K.L.:
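One structure follows; several queries about it will come next.
These figures come from a predicted structure and were not determined experimentally. In what follows, every chain begins at residue 1, and chains take the letters A, B, ... in the order their sequences are listed. Only heavy atoms go into these numbers, but all of them, side chains included; no hydrogens, no water, no symmetry mates.
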Protein chains: 2
Amino acid sequence: MLNEKTVSHSVECGDCPIRHRAVCARCESDELERLEEIKYYRSFEAGQTVIWSGDRMDFVGSVVTGIATLTQTMEDGRTQMVGLLLPSDFVGRPGREGSAYDVVATTDLVMCCFRKKPFEALMERTPHIAHRLLEMTLDELDAAREWMLVLGRKTAREKIASLLTIIARRDASLKLQTPKGSMVFDLPLTREAMADYLGLTLETVSRQISALKRDGVISLQGKRHVTVPDFGRLLEEAGDDSDGGMLA
Amino acid sequence: MLNEKTVSHSVECGDCPIRHRAVCARCESDELERLEEIKYYRSFEAGQTVIWSGDRMDFVGSVVTGIATLTQTMEDGRTQMVGLLLPSDFVGRPGREGSAYDVVATTDLVMCCFRKKPFEALMERTPHIAHRLLEMTLDELDAAREWMLVLGRKTAREKIASLLTIIARRDASLKLQTPKGSMVFDLPLTREAMADYLGLTLETVSRQISALKRDGVISLQGKRHVTVPDFGRLLEEAGDDSDGGMLA
DNA sequence: AAAATTCTTTGACCCAGATCAAGTGCGCGA
DNA sequence: TCGCGCACTTGATCTGGGTCAAAGAATTTT
C-alpha cells in the first residue's frame, strides 16, 4: 500500500502539467501529499498584475502555463524587468513578508500556488524541499548576474541576441523539430517588454530585430514567430562563448 | 557545563572579528564548535585573484577584512562586476562544483574559510544554517536585481550616486561620527573598478564624481576619502526613493 | 465592414557617454 | 632628491542608442 502510493506519486504534483521545481526527485509521497493539501490554482488574464511590489504575499508557487515578469519601476516611470517567469518557474520568497517586485502576467497565466505559512512549515520539516529551494535561488542568482553583464556591457544587437538565446533555450515547443542547429519559437513578449528587459527603448529593439533579420541571423513569420536557422550563429551574435549545453 | 558553553560561544565564531553571516543567532554551541573544526584563514594581497571563474572551489567562507569583487569577463575583455564583497559577506556556492565568477581581492584581504564538504555535511544536519544560507542567497538576489535597475535604466550620475549610497551604508567607520545626515567614508575601489561595477568607462566615472563635487553633493579629501554633507540629497541624486532604513 | 486601438516599423535628428589623447599629481624606490 | 609609474583628471571629438514623429499592420470594437 505504501509502496503503491510511492510509485503512483510522480514528481509532478497531482494534476499539474508541469514539474514543480520546488519539488525534487527525492521527495516522497507523504511530502507530496502535504503539498496537495495546501495547493490551489489562480488564473490571470494577459496584462493583469499578480502582485504589486511591497504588497503582502501570502503564497508561493509555480507558473503552470503562460508568462509572467518581475519588474521594478522608478517614480518617474522608468522600468526594468528583473526576471522572466516561464512555466515551471518558481515565484515567492519563503521567509519574506512582501513582494519585492511587481509581478505581471504578460500572457494569460495559470499559477499553482501553495499557501505560504504551511509551505514554510513543510520546508522546516523537509530538508529536501529546503535544499531544492536553495538550489533554485542560486540558479536565479546566477541568471541575474549573467543578466548584469548583458545590461552593463553588451551592445543593443548583442542584447537582443542574448534574449533570443534565452527564450529559445527555454521554449518547450522546439525540443522535437530541429533539423540540426535550427530552432523555431514564439516571442512571448511585446517589443516594449523586451526593451524593459534589455534596458533599451522599443524603437531600438525593433530596429535591431530588423537588422538581425536583414543579416539572416533570424527570420520572422508575423511579428512573433521566430526561426533561427543556425543557433551557433545566434550565440556568436550574443557575444556568448558558452553554448549552455544546447550544442556540441 | 552545557549552559556555560552556550553562553561563552557568541555568534561571532571563535576569533573572527566579524559576525559570520552564514551563522545565525539561533545557532548553538555544538554547531559553532563543528564550524571551528573545519575553518582556516587565507590572506591575499591587493590585486591577487582568489579564484578564477570555472575553477574548482573547495571552500566557502566570509570576508574578514578587505574588499573582494566578483567579476565576469567576455572574450574581448569587456568586464562586468556582479558583486562587491565587504567584511562579513559570504562567498561560495554550497552544492556547486566550481566558481561562476572571478573573485579578486581589490585591497589586502583576509578570508575565513570552511572546507566545503564538511560545511555541506554540517548544513545537512543543521537546519538553522541551511535556512540562514537561503536568507543570504535571497538577499544577494535582491541586491543583484536592484543592480539590474541601476545598470539598465539609470544615468551615469545616478549610477555613481547609487554606488556611493551602497558603500556609505555598508561602511563601518561611519556609525559614530555623523553630525546629522552627514557621512564620511573611503572609496574602496579604483575609478576603473567603479566603472566595471556601473557599466561605464573610467573617464565617465571621473567626470561624474567631479560633477557631484562641483555641485556640492559630495566633497573629496584626496582621491578616495569622501564626505557626504547630506545623505538625503545623495539618495535623490541616485534616483532612489527608499532610504534603506538609514534615515527617519 | 468601418473605425478605433494597440503593436510595430522606419525616418530624422540629437545627446549622453564612449573614445582618443594629453596632462596632473602623488607615492615609492633608487 | 630625482624620476618613474600608476591612478586620476580634463579636453576634443565621435557615435550608439535615445527622442520625436509619422506611418503601416494587426486586432478588437461598434
Side-chain angles (χ1 to χ4, degrees), chain A residues 45-48 67 74 76-80 104 106-108 150-164 186-215 218-226 237 239, chain B residues 45-47 67 74 76-80 106-108 150-164 186-215 218-226 237 239:
Chain A
E45 292 177 13
Q48 223 181 326
I67 314 276
M74 296 171 68
D76 61 9
R78 282 177 281 177
T79 67
Q80 176 65 51
V104 180
T106 57
T107 65
D108 288 349
V150 173
L151 290 172
R153 292 301 185 194
K154 290 194 179 179
T155 65
R157 173 184 263 241
E158 288 169 333
K159 284 178 173 182
I160 298 287
S162 298
L163 180 57
L164 292 178
D186 284 304
L187 287 174
L189 301 172
T190 65
R191 301 288 185 262
E192 186 178 26
M194 288 189 247
D196 284 341
Y197 204 16
L198 296 166
L200 297 170
T201 60
L202 67 91
E203 293 94 332
T204 298
V205 169
S206 180
R207 271 187 259 270
Q208 294 299 334
I209 287 178
S210 298
L212 288 173
K213 201 167 51 177
R214 171 174 43 73
D215 299 343
I218 60 174
S219 66
L220 289 188
Q221 292 74 49
K223 305 295 182 190
R224 298 292 190 88
H225 195 71
V226 180
E237 292 286 350
Chain B
E45 291 176 14
I67 314 275
M74 295 170 68
D76 61 9
R78 282 178 282 177
T79 301
Q80 177 65 49
T106 58
T107 64
D108 288 349
V150 172
L151 290 171
R153 291 303 185 194
K154 291 193 179 180
T155 64
R157 172 183 265 243
E158 290 169 332
K159 284 178 173 182
I160 298 287
S162 298
L163 180 57
L164 293 178
D186 284 303
L187 288 175
L189 300 173
T190 65
R191 302 289 185 261
E192 186 179 27
M194 288 190 248
D196 284 341
Y197 203 16
L198 296 167
L200 298 171
T201 59
L202 66 90
E203 294 94 331
T204 298
V205 170
S206 181
R207 272 187 256 271
Q208 294 300 334
I209 288 178
S210 298
L212 288 173
K213 202 166 54 176
R214 172 173 44 69
D215 299 343
I218 59 173
S219 65
L220 288 188
Q221 293 75 49
K223 306 294 183 189
R224 297 293 190 89
H225 195 71
V226 180
E237 292 286 351

K.L.:
Using the salt bridge (charged side-chain N to carboxylate O under 4.0 Å, His left out) criterion, which residues pair with B:Arg78? Sequence neighbours excluded.
P.N.:
A:Glu158, B:Asp76
K.L.:
Using a 4.0 Å cut-off to any heavy atom of chain A, which nucleotides of DNA chain C are the first and last in contact, reading 5' to 3'?
P.N.:
C:dT8 to C:dA12
K.L.:
Taking all non-hydrogen atoms of both residues, which atom of A:Val150 and which atom of A:Lys159 are closest, and how far apart?
P.N.:
O-CE, 3.3 Å
K.L.:
Would you work out how much the helix from C:dA1-D:dT30 to C:dA30-D:dT1 bends between its ends, with each end axis defined by five base pairs, to 10 degrees?
P.N.:
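Taking the rotation axis at each end, their angle is 30°.
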K.L.:
Give a yes-or-no answer on whether the side chains of B:Asp196 and B:Thr79 include a donor-acceptor pair shorter than 3.5 Å.
P.N.:
no
K.L.:
Under 4.0 Å from any atom of DNA chain D, heavy atoms only: list the residues of residues 153-162 of chain B that qualify, in numerical order.
P.N.:
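None - not one residue of the stretch has a heavy atom sitting under 4.0 Å from the strand.
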K.L.:
Applying side-chain contact (heavy atoms from CB on, under 4.5 Å), can you list everything that pairs with A:Thr204, at least two apart in sequence or on another chain?
P.N.:
A:Ala156, A:Leu200, A:Thr201, A:Gln208
K.L.:
Looking only at heavy atoms, which two atoms of B:Ile67 and B:Thr107 are closest? And how far apart?
P.N.:
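Minimum heavy-atom separation between B:Ile67 and B:Thr107: N-OG1, 2.8 Å.
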K.L.:
According to side-chain contact (heavy atoms from CB on, under 4.5 Å), who are the partners of B:Thr190, at least two apart in sequence or on a separate chain?
P.N.:
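In terms of side-chain contact (heavy atoms from CB on, under 4.5 Å), with neighbours along the sequence ignored, B:Thr190 is linked to B:Glu192, B:Ala193, B:Arg224.
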K.L.:
Looking at A:Leu202, is its backbone amide N or carbonyl O close enough to the side chain of A:Ser206 to form a donor-acceptor pair, meaning the two atoms are under 3.5 Å apart?
P.N.:
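The answer is no, because no donor-acceptor pair under 3.5 Å joins these two groups.
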K.L.:
Is A:Ile218 close to A:Ile209 at the side-chain level, that is, under 4.5 Å between some pair of heavy atoms?
P.N.:
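The answer is yes; the side chains approach within 4.5 Å.
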K.L.:
Taking all non-hydrogen atoms of both residues, which atom of A:Asp186 and which atom of A:His225 are closest, and how far apart?
P.N.:
OD1-ND1, 2.7 Å
K.L.:
Using side-chain heavy atoms (C-beta onward) and a distance below 4.5 Å, is B:Leu164 in contact with B:Glu237?
P.N.:
no
K.L.:
Which heavy-atom pair separates A:Met194 from A:Leu187 by the least distance, and what is that distance?
P.N.:
CE-CD1, 3.7 Å
K.L.:
Report yes or no: does B:Asp108 contribute a side-chain atom to a donor-acceptor pair with the main-chain N or O of B:Glu45 at less than 3.5 Å?
P.N.:
no
K.L.:
Check salt bridge (charged side-chain N to carboxylate O under 4.0 Å, His left out) between A:Arg207 and all other residues, then give those that pass, not counting sequence neighbours.
P.N.:
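Salt bridge (charged side-chain N to carboxylate O under 4.0 Å, His left out) check on A:Arg207 returns nothing, list empty.
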K.L.:
For residues A:Leu163 and A:Tyr197, report the shortest heavy-atom separation together with the two atoms involved.
P.N.:
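In terms of heavy atoms, the two residues are closest at CD1-CD2, 3.4 Å.
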K.L.:
So if I take residues 203-215 of chain A and measure heavy-atom distances to DNA chain C, which residues fall below 4.0 Å?
P.N.:
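A:Glu203, A:Ser206, A:Arg207, A:Ser210 - these, ordered by number, are the residues of the stretch whose heavy atoms sit under 4.0 Å from the strand.
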K.L.:
Suppose we screen for side-chain contact (heavy atoms from CB on, under 4.5 Å). Which residues come up paired with A:Ser219, at least two apart in sequence or across chains?
P.N.:
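A:Ser219: side-chain contact (heavy atoms from CB on, under 4.5 Å) contacts with A:Gln221, A:Thr227.
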K.L.:
Got a list of protein N/O to nucleotides 25-30 of chain D N/O distances below 3.5 Å?
P.N.:
none

K.L.:
Which residues in residues 188-200 of chain A have at least one heavy atom lying under 4.0 Å from any atom of DNA chain D?
P.N.:
A:Gly199, A:Leu200
K.L.:
Taking salt bridge (charged side-chain N to carboxylate O under 4.0 Å, His left out) as the definition, give me every residue that meets it alongside B:Asp215, ordered by chain and number, with sequence neighbours left out.
P.N.:
B:Arg157
